[in-house]
Amino acid sequence: MFYIHTALPAEARPIIDHYALRAHDASAPFSLYTGPQTRLVVSGVGKTATAASVAYTCARFSDQPGPWLNVGIAGHKTAALGTALWVQKAVDTATNTPFFPALALSPPCAGSVLQTVDQPRADYLTDALYDMEGSAFFQTAQRFVAAELAHSVKIVSDNSEAPWQSLNRERVQGWINDLLPVIERMRTELESLAAVWLIQQANPPHFEGTLSQCRFSQTQKNRLRRLLQQWHSVAPNTPPWPPDHSEKSAAGLLDALEARLGDPSHLPY
Amino acid sequence: MFKTIYVEEAVAHHPRTLATLARFSDAQRIPCKHYGEVFNRAAQNFRLQKRQPSLILAEKRGQQVLPTPAGYGIGSQTNFYFSHMLNCLYDCRYCFLQGMYRSAHMVVFINYEDFYEAIDEQIEQTSTERPYFFSGYDCDSLALEGITDFTRDFLTFFAQRPHATLELRTKSVRTHSLLERDPLDNCVVAFSLTPSAIADVLEIGAPPVARRIEALGTLADRGWPIGLRFDPLLYHSKWREHYRKLFEAVFARLRTDRLHSVSLGQFRLPQTMYKRMQQLYPDEPLFAWGLAEKDGQISYRSELAESLHAFCRDELLQHIDPNIFFPCPSTTLNDGVAP
Ligand code: SF4
């Protein structure tokens, strides 16, 4: 599943239309839209709303984790209106804390540092992007997925010659429409990375079934998970215990499996 | 090659930074205050980053040169290591770097002059013995030569310090910086070698073993002292046959009068590193089969480790002088130190 966050409904609309998403749950605290492979949440403006909406969505769909993309408009001192920029680093200007998206892909377009501010401002102090959500997006999303799976792309909506006060919904929607190829490219790359990440997160075969056979402490559960992963990597088509095994206790099952991991008939390579 | 380069603000105008940036004029540049902001952050995934690592240009602060752990060495009691780089172009599945670092980005410390100063300090303090300086502990010494000019610069430095020895540890065949100059008796070019059958699967991105053998043979022909590092020894089907053939291929090509040292190393990892590596690659049988924990180290069960070690030692000693044979310390072999 691919997750998109926007602050404004106008930023969300072209994405909703492009992916044919449908409103998910009218009672949710944030506007949620869903499709077969994509979900989108609209948070409202600001860091708090962003953090809450991303955390809410991750928790609500914790059984379907996936990569996240923040999409939105942003100001920039010098870049031309309509320029697509990938966020290289987001700085929370209130605390001067930098958040770096961890890079495991080729940047999809030109990039920029993003300054996340608490109030809209028109002074564009540095040659960077300006928004009100980016740092909170990274700070929150990176708690739920690998840091390589949370990214942000922005489209320049205002600059020192065209202030944000002159923005309107139609222009925002037009720009986000223009951004769709970049979003699609990010989606392809992030889904490919997420496939590897999901392998790392997944429980191995036989894990749930073995847990139901007898009582395992948390430490034993961790050991069982690791041993079953190991077993699956050396003998993917063989049950971890022989059909006639007599082990009844968690400790006995774990020790027997560990001993089998040196079986010469399963020597890899 | 690198699509993104992080640059520490303090070295943004350093000539080596500018030269590197000029080589990658299309790469996006991202400023950072300290490389650790990018490299050491939590929640990073080494395996994912290895698909498209970035370059980080930084300054090495603190201690540039450190003593090696006890027992490691190739003939001297005075051994140091230093790392002008963190991480490697290649992706050997057994490499401890993937368990040691959170990030797969490649850090290049560009303040070589500070390394020179630290090396000189150690040489000055070492009155009795020839000190050895090992590079390539946290990286491959040669693989990124086209970007770092590391050997070009450090060989010039060591050429003026003939009473100290530099070891370059590598799997790379990028040896032109060595071949285009006169050999140095105090620089050992040490190649890591594994049987092709297993190297082809586990040493991802590294040059084929046959090309490494050709490269070390050529260097020896030109007079460079050569080290052979069979480290780690890997247990696999037909391992006896594969190791025997590897040794035969090496000694068929190598002028042994230029052979400086041969070492064997166990497949061994501190438990915390091993756990991280297994979590990164839960589907990797190397991290599953035949392993045991002893004294906080994960390695092959002792009977496997002993048979591997004894076989390779006996085979090697048919080709080399025992005085240049240096098995590494091990927690797996029964007496704690390989015989
Ligand atoms: S060549 Fe050495 S440093 Fe590089 S990945 Fe392989 S083992 Fe690690």
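Here is how names work: the chains are called A, B, and so on, in the same order as the sequence lines, proteins then strands, and each is numbered from 1.
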What part of [X] lies closer than 4.5 angstrom to a heavy atom of chain A: side chain, backbone, both or neither?
{"X": "B:L280", "value": "both"}
{"X": "B:Y235", "value": "both"}
{"X": "B:L48", "value": "both"}
{"X": "B:S237", "value": "both"}
{"X": "B:P53", "value": "neither"}

Option from B:Q278, B:Q279, B:E284 for which side chain to side chain contact (heavy atoms under 4.5 Å, CB included) with A:Q229 holds: B:Q278
Between chain A and each of [options], count heavy-atom pairs under 4.5 Å; write down the option with the most.
{"options": "B:L291, B:L202, B:L304", "value": "B:L202"}
{"options": "B:K275, B:K3, B:R41", "value": "B:R41"}
{"options": "B:K33, B:Q44, B:R29", "value": "B:Q44"}

Closest approach of B:R301 to A:A259 (non-hydrogen atoms, all atoms of both residues): NH1-O, 3.6 Å
Reported CG-to-CD distance for the pair B:L286 and A:Q230, which is rounded to 0.5 angstrom: 11.0 Å
Value rounded to 0.5 Å, distance of CZ in A:R226 from CZ in B:F287: 13.0 Å
Residues 88-106 of chain B: residues contacting chain A (heavy atom under 4.5 Å, by number): B:H105
Who in [range] is close to chain B, using a strict under-4.5 Å heavy-atom cut-off?
{"range": "residues 136-154 of chain A", "result": "A:Q142, A:A146, A:A147, A:E148, A:L149"}
{"range": "residues 74-113 of chain A", "result": "A:W86, A:Q88, A:K89, A:P98, A:F100, A:P101, A:A102, A:L103, A:A104, A:L105, A:S106, A:P107, A:C109, A:A110, A:G111, A:V113"}
{"range": "residues 260-269 of chain A", "result": "A:L261, A:G262, A:D263, A:P264, A:H266, A:L267, A:P268, A:Y269"}

Over 12 foreign heavy atoms within 6.0 Å of CG, B:D26: no
Atom CZ of B:R61: over 12 foreign heavy atoms under 6.0 Å: yes
